[in-house]
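Structure record follows, encoded as structure tokens.
Naming convention: chains lettered A, B, ... in sequence-line order (proteins, then strands); numbering from 1 in each chain.
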Amino acid sequence: MNNLHLTNSLTNKKEIFNPINKDNVTLYACGPTVYDNPHVGNARALVVFDVLFRILIELYGEKKVSYVRNITDIDDKIIEASKIKKISISDLTKSVTEKFHKDCKVLFCLNPTKEPKATDHVAGMINTTNKLIEKNAAYEKEGHVFFAVASFKKYGKLSNKNPDDLKAGARVEVSKLKKDPLDFVLWKPSDKNDPGWDSPWGRGRPGWHLECSVMSEKYLGKNFDIHGGGLDLIFPHHENEIAQSCVYNGTDKFANYWVHNGFVTMNKEKMSKSLGNITTIEDATKKYTGQVVRLSLLSAQYKQPLDWNNELLTEQSKTLDKWYSMYSSEVSEKTPNCFNDLLDDMNTPLYISKLHELFQESQKGNKDKKKEFNKACRLIGLFNESAEKRAEYKKSKVKISKDNILSKIKDREEAKKAGNYKLADQIRDDLNEEGIDIKDEKGKTIWNYK
RNA sequence: GGCCACGUGGCGGAAUGGUUACGCAGAGGAUUGCAAAUCCUUUUAUUCCAGUUCGAUUCUGGACGUGGCCUCCA
């Protein structure tokens, strides 16, 4: 397989990826709503699309891929959170955005080409809303503007839903202002104290789906290659994006490929804020390293569910420890053979199995394989910190001082010489407790931070 | 209720119409003062039923089970 294949949610089939323009391959991924600290579920989407970005870069070249990931900094959840936390909206969004950026860095995600904010694009959203009204695809009612779903015939194609079923199964109270229960809001009025912008329909703020349509068009064009996000965004978010963009653009083509990642689960249940079963990225990367979290997130194929638990993390942590013994700054220039496994719908587990093979061969002294191993690790965002830096990180978790360690090791060596193995073993056990790994190799004591 | 995904060894997790995934754990061996690390060898699996087929874990149908979407969510 030398072509990239992706499962397209539009068709539910694995398809060969053909970009519209090989000199500018375009990827849009839904970014965070900055109202609370990002959790491991958010991290999965982040890492999955980072890997896709890296694959595209490897295939088409760094300068020929445009990756846009938005930041949603206006939303009802943000307003609510700022009231609960009693801090201003701008302080809240600023601090959460900072935290998000920190998490991205810890997870070794590349910076997207562009990271637009919703609040910088309100004018564009008003403009789009106006056009949709002109086209009779939207209507104003008491300061609200709704998109009329009936104006888009293909509504429901992405999420595999037919509008009649949706109406029948409606579980939410429908606003009386809507002509059709499926219609969704493009613009809504803001209370005096809530953030708002002046518009032809009064002071208000945009609905959620509109920003992605406006920003993707601005930075990637009316028709672009890949749109990604979590499985839970398919309906209604992405369905609504498609509807409003297609009607606005007067086409039936928006993103050509829709890629959706599966959920992170806890005890088989979706990790989500509303269920309260979340682990923040900050906590996860504190306890383990960012790389361990990253490798764990890639241990299942992106569409499959991924259960988050200690066993997973400790296993990946062990793997990375092992692998780091073959860390090298000498990296092969060639694309490794196993890259093909990534091309096959990002089959990261299969790719990782090849990393194990390459590791074994490099350990046996095969220098080419070692270079290839190092290249292959970097390709999915591993080995981004040197072995020394990683050791430093581990050192920070150990309380005992280096001098103390060295002196204890000296004591142990003397005890060994004297044949006092009981004492020597005791010292080794003690150091082990402190987080120091001791091994005797060829008569020498080798020690490492665990 | 509608729609979707999934069900592989002790665990995680790929693949495949007939041949070892891989990792962790377990067992045996080499090595070691004993360990650790490493290396070698090795045990264990395709939810159930029916069909198609020379042959199905893989394709088709059904049953059961799990999870998800239908409301904010990555």
Side-chain angles (χ1 to χ4, degrees), chain A residues 7 9 12 29-33 35-36 38-49 69 72 75-77 80 156 159-174 182 208 228-237 239 260-265 267-275 278 295-307 309 311-319 321-322 325 341 344 347-357 359-360 363-364 416-417 419-422 424-425 428-429 432 437-443 445-448 450:
Chain A
T7 299
S9 304
N12 232 338
C30 286
T33 300
Y35 72 111
D36 205 350
H39 58 76
V40 171
N42 306 112
R44 188 176 194 191
L46 223 49
V47 168
V48 163
F49 292 106
R69 187 183 61 209
T72 301
D75 181 89
D76 287 5
K77 285 201 299 281
E80 205 180 305
S159 55
N160 234 319
K161 296 179 188 303
N162 83 65
D164 293 339
D165 289 346
L166 285 170
K167 282 169 203 172
R171 296 192 295 171
V172 207
E173 206 183 323
V174 177
L182 294 185
W208 173 36
L231 207 59
D232 45 2
L233 294 183
I234 291 183
F235 190 90
H237 184 52
E239 196 71 69
H260 292 100
N261 64 277
F263 299 130
V264 174
T265 60
N267 296 318
K268 308 272 174 198
E269 219 174 35
K270 180 184 172 187
M271 182 186 283
S272 74
K273 284 238 162 82
S274 41
L275 289 167
I278 58 160
L295 183 59
S296 300
L297 288 171
L298 295 175
S299 69
Q301 204 259 1
Y302 73 90
K303 289 198 304 295
Q304 301 309 129
L306 177 75
D307 206 57
N309 54 59
E311 287 71 30
L312 172 69
L313 277 294
T314 47
E315 194 180 321
Q316 306 308 323
S317 179
K318 264 189 195 175
T319 300
D321 278 337
K322 206 168 77 173
S325 67
D341 299 325
D344 184 9
N347 193 338
T348 49
L350 192 56
Y351 185 81
I352 288 167
S353 79
K354 304 286 172 67
L355 288 180
H356 283 288
E357 280 176 27
F359 169 78
Q360 281 200 351
Q363 207 172 34
K364 285 175 185 164
K416 266 174 67 183
K417 257 185 209 161
N420 189 349
Y421 291 119
K422 206 176 168 188
D425 290 353
R428 183 173 61 198
D429 288 348
N432 245 296
D437 214 31
I438 296 291
K439 43 190 153 177
D440 300 324
E441 266 173 26
K442 293 172 191 165
T445 307
I446 310 277
W447 68 278
N448 273 304
K450 261 198 232 177

Point to revise | Whether Asn267(A) side chain and Glu269(A) backbone form a donor-acceptor pair below 3.5 Å | key: no

Exercise for review: Let me know the distance between NE2 of His237(A) and P of rA74(B), rounded to the nearest Å.
Suggested key: 10 Å

Check your understanding: How do Pro349(A) and Asn42(A) order along RNA chain B: which one's closest nucleotide is nearer the 5' end?
Key -> Pro349(A)

Exercise for review: May I have the distance from Lys354(A) (atom NZ) to rU20(B) (atom C1'), rounded to whole angstrom?
Suggested key: 14 Å

**Study point:** Separation of the C1' atoms in rC34(B) and rU19(B), to the nearest angstrom
**Key:** 43 Å

Check your understanding: Looking only at atom C1', what distance separates rU43(B) and rA27(B), rounded to whole Å?
Key -> 7 Å

Review point. What nucleotide among rC39(B), rG68(B), rA15(B) has an atom nearest to a side-chain atom of Lys270(A)?
Key: rG68(B)

Review point. Which part of the nucleic acid does Val264(A) contact within heavy-atom distance under 4.0 Å: base, sugar-phosphate only, or nothing?
Key: base

Check your understanding: Just checking Glu357(A): base, sugar-phosphate only, or nothing, at a heavy-atom cut-off of under 4.0 Å?
Key -> nothing

Practice item. Mark yes or no for a side-chain to base donor-acceptor pair under 3.5 Å between Asp425(A) and rG33(B), with no hydrogen or angle criteria applied. Key: yes

Review point. Under a 4.0 Å N-O cut-off, is there an ion pair linking Asp232(A) with Lys270(A)?
Key: yes

Exercise for review: For Gly262(A), report the nucleic acid contact type (base, sugar-phosphate, nothing); a contact means any heavy atom under 4.0 Å.
Suggested key: base

Practice item. Say whether, by atom type as modelled, one donor and one acceptor occur between the side chain of Asn42(A) and the main chain of His39(A) under 3.5 angstrom. Key: yes

Review point. Under 4.0 Å between a side-chain N/O of Gln316(A) and OP1 or OP2 of rG23(B), yes or no?
Key: no

**Study point:** Interatomic distance, His356(A) NE2 vs rU20(B) C1' [rounded to whole Å]
**Key:** 16 Å

Check your understanding: Looking at rA74(B), rC4(B), rC72(B), which one has an atom nearest to any side-chain atom of Asn160(A)?
Key -> rC4(B)

Point to revise | Touch class at under 4.0 angstrom, heavy-atom based, for Pro38(A) against every strand present | key: nothing

**Study point:** Phosphate-side-chain proximity, Asn347(A) and rA15(B), N/O vs OP1/OP2 below 4.0 Å
**Key:** yes

Check your understanding: On a whole-Å scale, what distance lies between the C1' atoms belonging to rG65(B) and rU47(B)?
Key -> 8 Å

Check your understanding: Roughly how far apart, to the nearest Å, are rU8(B) and rC48(B) at atom C1'?
Key -> 15 Å

Point to revise | Closest listed nucleotide, where the reference is the side chain of Lys439(A) and the choices are rA5(B), rA35(B), rG12(B) | key: rA35(B)

Point to revise | Nucleotide nearest Cys30(A) when distance is taken to its side chain, options rG68(B), rC70(B), rA74(B) | key: rA74(B)

Check your understanding: Is Phe263(A) stacked on the base of rG68(B), meaning ring centres closer than 5.5 Å and planes within 30 degrees of each other?
Key -> no

Practice item. State plainly whether the residues Lys268(A) and Asp307(A) are in salt-bridge range, i.e. N to O under 4.0 Å. Key: no

Review point. Should Gln360(A) be listed as having a side-chain N or O under 4.0 Å from OP1 or OP2 of rG23(B)?
Key: yes

Practice item. Check if the side chain of Lys161(A) and the base of rC69(B) share a donor-acceptor pair of N or O atoms closer than 3.5 Å. Key: yes

Exercise for review: Provide, to the nearest angstrom, the distance between the NZ atom belonging to Lys416(A) and the P atom belonging to rU32(B).
Suggested key: 12 Å

Review point. Taking the C1' atom of each, how far is rU46(B) from rA37(B), in whole Å?
Key: 35 Å

Exercise for review: Measure from CG on Leu166(A) to P on rC69(B) and round the result to the nearest Å.
Suggested key: 15 Å

Check your understanding: Counting only side-chain N and O atoms of Lys322(A), is one of them less than 4.0 Å from OP1 or OP2 of rC24(B)?
Key -> yes

Exercise for review: Can you tell me, in whole Å, how much space there is between the C1' of rC49(B) and that of rA30(B)?
Suggested key: 50 Å

Review point. Of all the nucleotides listed (rA36(B), rC70(B), rA74(B)), which has the minimum atom distance to the side chain of Ala45(A)?
Key: rA74(B)

Point to revise | Rounded distance in Å - CG (Asp307(A)) to P (rC24(B)) | key: 20 Å

Exercise for review: Taking atom types as modelled, find out whether Ser159(A) and Glu239(A) have a side-chain donor-acceptor pair closer than 3.5 angstrom.
Suggested key: yes

Check your understanding: Counting only distance, no hydrogens or angles, is the base of rA35(B) paired donor-acceptor with the side chain of Arg428(A) under 3.5 Å?
Key -> yes

Review point. Between rG7(B) and Lys268(A), is there an OP1 or OP2 to side-chain N/O distance shorter than 4.0 Å?
Key: no

Review point. Looking only at atom C1', what distance separates rG13(B) and rC22(B), rounded to whole Å?
Key: 8 Å

Revision key, fill the gap. When rounded to whole Å, the CG to P distance for the pair Asp440(A) and rU31(B) reads 17 Å

Review point. Using a cut-off of 4.0 Å on non-hydrogen atoms, how would the nucleic acid contact of Leu46(A) be classed: base, sugar-phosphate, or nothing?
Key: nothing

Check your understanding: Side chains of Lys303(A) and Thr7(A): is there a donor and an acceptor less than 3.5 Å apart?
Key -> yes

Check your understanding: Looking at Tyr421(A), is Lys416(A) sitting on its ring face, NZ or CZ under 6.0 Å from the six-membered ring centre and within 45 degrees of the normal?
Key -> no

Check your understanding: How would you label the contact of Leu350(A) with the nucleic acid (heavy atoms, under 4.0 Å): base, sugar-phosphate, or nothing?
Key -> base

Practice item. Report the nucleotide, chosen from rC69(B), rA36(B), rG68(B), that has the shortest atom-to-atom distance to any side-chain atom of Glu441(A). Key: rA36(B)

Check your understanding: Does NZ or CZ of Lys354(A) come closer than 6.0 Å to the centre of the six-membered ring of Phe359(A), within 45° of the ring's axis?
Key -> no

Point to revise | Whole-angstrom distance between rC69(B) and rA50(B), as gauged at atom C1' | key: 31 Å

Exercise for review: Have a look at Tyr421(A) and say if it touches a base, only the backbone sugar-phosphate, or nothing, with a 4.0 Å heavy-atom cut-off.
Suggested key: base

Practice item. Determine, stepwise, if the pair Glu357(A) / Leu355(A) fulfils side chain to side chain contact (heavy atoms under 4.5 Å, CB included). Key: CA-CA 5 Å; Glu357(A) 280 176 27; Leu355(A) 288 180; over 6 Å; no

**Study point:** Runs of at least three Watson-Crick or G-U pairs with RNA chain B, cut-off 3.5 Å
**Key:** B:1-7 with B:64-70, B:10-12 with B:22-24, B:26-30 with B:38-42, B:47-51 with B:59-63

Practice item. Could you check Ala300(A) against Gln363(A) and say which one's nearest nucleotide on RNA chain B is further toward the 5' end? Key: Ala300(A)

Point to revise | Length of the line joining Lys318(A):NZ and rG12(B):P, which is rounded to integer Å | key: 16 Å

Review point. Is any NZ, NE, NH1 or NH2 atom of the basic residue among Asp425(A) and Arg428(A) found under 4.0 Å from an Asp or Glu carboxylate oxygen of the other?
Key: yes

